[in-house]
Amino acid sequence: MNKYLEQLLEIEGIAKNEPATLLKEDKAMCNGRLILSGKRLVFICNGCAEPEVDIDLDTINSIKHESHFVDNNILAITYLQYEAARFTVINTDEWEAAIEEQRMTPHIEVEPVFTLKSLN
């Protein structure tokens, strides 16, 4: 993972982070880490610096459970109306709850209007 993304996720606050597998449209698979922060869901393939998937939580349309052969723990996310991402995770219910919790939590960063030095 590149340093900029690592710092950005740290600032946003990592809510959930675990190994997962990305199921691509062409039936290929990529092992890596699925990371949920306060503002985004990121998947980084093992050995890559750039994320394979970076989803803004505000653009998610639906989250559902799917099956793929014998794996019943597929987290399917539809975002930007027509884009889709599918991940194998340990517990889909926990991921769905964590994503919904982060989507419902306001993440407002307030810039200070003045500092203590400006008051003196």
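We're numbering straight along the sequence, starting at 1. Quick note: numbers below take in every heavy atom, side chains included, and nothing from hydrogens, waters or symmetry partners.
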Heavy-atom side-chain contact between [X] and [Y] under 4.5 Å:
{"X": "L41", "Y": "Y79", "result": "no"}
{"X": "E66", "Y": "T92", "result": "no"}
{"X": "H65", "Y": "E96", "result": "yes"}
{"X": "I63", "Y": "L75", "result": "yes"}

Which heavy atom of [X] sits nearest a heavy atom of [Y], and at what distance?
{"X": "R86", "Y": "S67", "result": "NH2-O, 4.0 Å"}
{"X": "I99", "Y": "I60", "result": "CG2-CD1, 4.0 Å"}
{"X": "Q102", "Y": "A15", "result": "NE2-CB, 3.5 Å"}
{"X": "A20", "Y": "V89", "result": "CB-CG1, 4.2 Å"}
{"X": "V42", "Y": "I44", "result": "CG1-CG1, 3.8 Å"}

Between [atom1] of [X] and [atom2] of [Y], what distance do you get to the nearest 0.5 Å?
{"X": "N2", "Y": "C48", "atom1": "CG", "atom2": "SG", "answer": "11.5 Å"}
{"X": "L80", "Y": "D58", "atom1": "CG", "atom2": "CG", "answer": "10.5 Å"}
{"X": "I55", "Y": "I77", "atom1": "CD1", "atom2": "CD1", "answer": "5.0 Å"}
{"X": "L8", "Y": "R40", "atom1": "CG", "atom2": "CZ", "answer": "4.5 Å"}
{"X": "I35", "Y": "E18", "atom1": "CD1", "atom2": "CD", "answer": "11.0 Å"}
{"X": "N31", "Y": "F43", "atom1": "CG", "atom2": "CZ", "answer": "7.0 Å"}

Please confirm whether the backbone N or O of Q81 pairs with a side-chain atom of N61, one donor and one acceptor, at under 3.5 Å?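 It does hold such a pair.
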Between the side chain of R103 and the main-chain N/O of L57, is any donor-acceptor distance below 3.5 Å?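 Pair found, side chain donor or acceptor close to backbone of L57.
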Any side-chain donor-acceptor pair under 3.5 Å between N73 and T88?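 N73 vs T88: no donor-acceptor pair found between side chains.
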Stepwise side chain to side chain contact (heavy atoms under 4.5 Å, CB included) check, L9 with N17: CA-CA 11 Å; L9 291 171; N17 178 1; over 6 Å; no
In terms of hydrophobic clusters joined by side-chain contacts under 4.5 Å, are L34 and I90 together?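 Each belongs to a different hydrophobic cluster.
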